[in-house]
Amino acid sequence: MRWLTALNYLPVVGENKSINKDMNGKNIIASTYVNANEKNLNAINPATGLAIEGDFFKANESLVNDALASATEAFQLYRSINKDLKAAFLNAVADEIAAITEELVKRAAEESGLPLPRLQGEVGRTTGQLRLFANLVAEGSWVNAIIETAQPDRQPLPKSDIRRMMIPIGPVVVFGASNFPLAFSVAGGDTASALASGCPVVVKAHPAHYGTSALVGEAIKKAVEKTNMPNGIFSMLYDDGYEIGAALVKHPLTKAVTFTGSFKGGMALVKLADERENPIPVFAEMGSINPVIFLPDALTNKAEELAKKYAASISLGAGQFCTNPGLMLAIESPSLTTFKKSLADAIAAVPSATMLTNGIADNYNRLATEVINNDKASILGISNLTDKDLKNQSKAIVAEISATEFIENPEFREEIFGPYSLLVVAKDLSELESAISSLGGQLTATLMADKEELKNYISLLNKLTDKTGRIILNGVPTGVEVCASMQHGGPFPATNDSRFTSVGSTAIYRFVRPLAYQDWQQDLLPDELKDGNPLNIFRTVNQKLTKADE
């Protein structure tokens with residue numbers, strides 16, 4: 001399922017009323033609304049700076065305890081529920097979200113400043129990945145069942161019967177992301193994959209979109225009720241700071257944490273998890289500058305086309321993607337000069353865009369100003385179109401720096417979250433490779449190249465593959481396919497564990513661990529490991545992948 005292909009749309013501004021006037025702003029504990037006596041919270045429209053209708057109630061530590069106690073109790077039931085019933089539940093969540101698309105998109109646009117078409121696509125991604133995991137669970141082979149049958153007559157020692165599969169680990173805490181109010185939020189990919197694995201979920205709603213979270217939380221609550229799932233498999237808490245998030249991570253009943261956001265935020269959670277008496281995994285996706293390398297022949301043949309393509313990618317969604325192309329690298333040449341002029345012209349024509357929050361806008365404008373005022377870099381292009389009637393606007397900016405200065409000044413290798421990119425100009429291939437070697441881990445790396453020239457850049461290609469989780473040829477990094485083969489994760493600091501992905505069906509493996517059963521009688525084994533293969537799944541039996549009744 002490919003998404004986010006539209007480039008520029010106007011955000012929703014003006015009237016600050018949500019369609020759903022009866023939206024419930026209470027915290028959800030074990031799929032039940034509960035009262036909280038803490039302060040009221042309100043969402044803010046970033047384009048107007050005005051509060052949006054709806055009161056939401058700050059959680060407290062007592063609710064954290066209740067949520068995780070309920071999740072732990074529900075885990076004992078949910079982990080063993082029939083795979084078809086789990087799949088039906090995930091599909092029911094998708095159905096409930098699809099049924100409220102209009103009001104959900106309207107509210108999300110008010111809270112995020114994102115355009116309606118973008119959010120409509122995000123609803124599709126959210127429901128699509130829920131159905132992807134429903135299909136994965138229903139088919140059943142994802143548990144990686146491995147069976148080695150006994151050899152009692154083996155000499156010099158007999159061999160035991162050993163059977164192994166993946167099992168869920170327990171309650172998962174999910175932090176909603178600021179830049180994806182749906183697809184990486186309450187019912188996003190982290191929640192979908194955790195529920196698919198058999199783990200209950202406690203969501204910490206992002207403070208930038210309380211109302212969007214409330215609507216999706218209600219949808220999950222309804223799906224739990226309609227499919228008779230254990231109530232404790234879903235809870236959701238509101239907060240306007242760090243207190244509740246920290247309490248969730250430190251709670252002894254939490255078994256794993258997911259996070260999408262800044263490096264600072266992700267590493268703070270990793271530190272909290274490591275300091276526990278029993279450390280737990282944190283799966284933190286912490287951003288990336290996603291280098292794009294323009295090889296000489298590609299620039300010679302289509303410099304202007306590439307400039308327009310990358311101006312659009314840099315400014316897509318106000319640059320608020322973890323896969324935004326924040327770094328471009330090329331060797332100086334006449335065709336690069338043509339590329340730079342076309343890129344500058346295209347960036348100048350990009351209108352300003354509303355950023356997700358006041359804090360994100362302030363941070364972007366501060367960091368962009370630092371680049372503009374830095375004598376080591378120069379401005380290649382900057383947007384000339386600013387809407388002065390809207391708040392939290394960002395201008396698209398492309399800066400330029402020599403490879404020498406880039407290598408010697410590590411601050412230029414840090415992410416600037418927004419419609420910004422830095423062009424690094426190298427004198428030759430050796431300097432280009434040195435610039436790439438200076439980079440940290442990335443979510444993506446892209447090569448723009450003609451087919452025939454790739455064979456001359458094997459060393460450069462190898463350096464790139466060591467730096468990234470996904471390498472792209474002649475495309476743009478913005479836009480992520482939700483499928484089994486997707487890898488959305490990379491070496492540190494892009495993520496804290498490059499072995500896993502947060503997008504696609506293999507994201508489920510973050511929330512499971514292997515368990516081996518040795519010499520167990522048939523009637524006590526899970527169905528996935530029994531003789532006769534009652535679930536008709538693929539299993540590795542005596543080193544052979546098969547569905548046969550062995």
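Note that this is a predicted model, so its numbers are computed, not measured.
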Could you check E225 against K221 for salt bridge (charged side-chain N to carboxylate O under 4.0 Å, His left out), going step by step and ending with a plain yes or no?
-> CA-CA 6 Å; E225 294 167 354; K221 179 178 177 295; 2.9 Å; yes
Do we see a donor-acceptor contact under 3.5 Å between the side chains of T506 and T501?
-> no
side-chain contact (heavy atoms from CB on, under 4.5 Å) with L182: which of T127, I97, V123, L215?
-> V123
With Y457, the side-chain contact (heavy atoms from CB on, under 4.5 Å) member among L447, L295, N462 | L295
Locate the shortest heavy-atom distance separating A298 from E453; write the atom from each residue and the value.
-> N-OE2, 3.1 Å
Has K547 got its NZ or CZ under 6.0 Å from the middle of the six-membered ring of F538, at an angle within 45 degrees of the ring axis?
-> yes
Carefully, step by step, assess D274 and K271 under the rule salt bridge (charged side-chain N to carboxylate O under 4.0 Å, His left out).
-> CA-CA 5 Å; D274 286 345; K271 185 174 185 291; over 6 Å; no
Check step by step if side chain to side chain contact (heavy atoms under 4.5 Å, CB included) holds for Y517 and I162.
-> CA-CA 6 Å; Y517 293 80; I162 303 175; over 6 Å; no
Near K250 NZ, under 6.0 Å, is it more than 12 heavy atoms from other residues, nucleotides or ligands?
-> no
What's the shortest heavy-atom distance between L439 and R413, and which atoms?
-> CD2-CD, 4.0 Å
Taking all atoms of both residues into account, what is the closest heavy-atom pair of G25 and Y238, and its distance?
-> O-CE1, 3.3 Å
Return the minimal non-hydrogen interatomic distance between F133 and G504, and the atom names on each side.
-> CZ-O, 3.3 Å
Determine the sole option in L460, D466, I407 for which the side-chain contact (heavy atoms from CB on, under 4.5 Å) test with I436 is passed.
-> L460
Could R510 and F259 be counted as a cation-pi pair, given that NZ or CZ must be under 6.0 Å from the ring centre and within 45° of the axis?
-> no
The single option from K159, R154, R163 passing salt bridge (Lys or Arg N to Asp or Glu O under 4.0 Å) against E148 = K159
Is the number of heavy atoms from other residues, nucleotides or ligands within 6.0 Å of NZ (K455) greater than 12?
-> yes
Scan side-chain atoms only and decide if D161 and T149 contain a donor-acceptor pair under the 3.5 Å cut-off.
-> no
Please answer whether the main-chain N or O of V34 pairs with a side-chain N or O of N27 as donor and acceptor at a distance below 3.5 Å.
-> no
Checking N60 side chain against L63 main chain: does a donor-acceptor pair fall under 3.5 Å?
-> yes
Lys/Arg cation over aromatic Y78: K86, 6.0 Å, 45° cone | yes
Could you tell me which non-hydrogen atom of L119 sits nearest to which non-hydrogen atom of S112, and how far apart they are?
-> CD1-OG, 4.2 Å
Is there a donor in the side chain of D190 and an acceptor in the side chain of T258, or the other way round, less than 3.5 Å apart?
-> yes
Using a 3.5 Å cut-off and no angle test, enumerate the donor-acceptor pairs between side-chain atoms of residues 484-494 and protein atoms at least two apart in sequence or in another chain.
unit_1: Q487; atom_1: NE2; unit_2: G489; atom_2: O; d: 3.3
unit_1: Q487; atom_1: NE2; unit_2: F500; atom_2: O; d: 2.9
unit_1: H488; atom_1: NE2; unit_2: E285; atom_2: OE1; d: 3.2

Which atom pair, heavy atoms only, marks the closest approach of T468 to A445?
-> OG1-N, 3.3 Å
Checking side chain to side chain contact (heavy atoms under 4.5 Å, CB included) for the pair L429/N456: CA distance, chi angles, key distance, verdict?
-> CA-CA 10 Å; L429 177 58; N456 300 319; over 6 Å; no
Is Q522 reaching over with its side chain to a backbone N or O of D531, donor-acceptor style, under 3.5 angstrom?
-> yes
Beyond-backbone contact of Y210 with T212, side-chain heavy atoms, under 4.5 angstrom | no
Side chains of S288 and N290: donor-acceptor distance under 3.5 Å anywhere?
-> yes
Under the side chain to side chain contact (heavy atoms under 4.5 Å, CB included) criterion, do L41 and F57 qualify, and how do the steps go?
-> CA-CA 6 Å; L41 307 171; F57 301 95; over 6 Å; no
pair W142-M165: side-chain heavy atoms closer than 4.5 Å = no
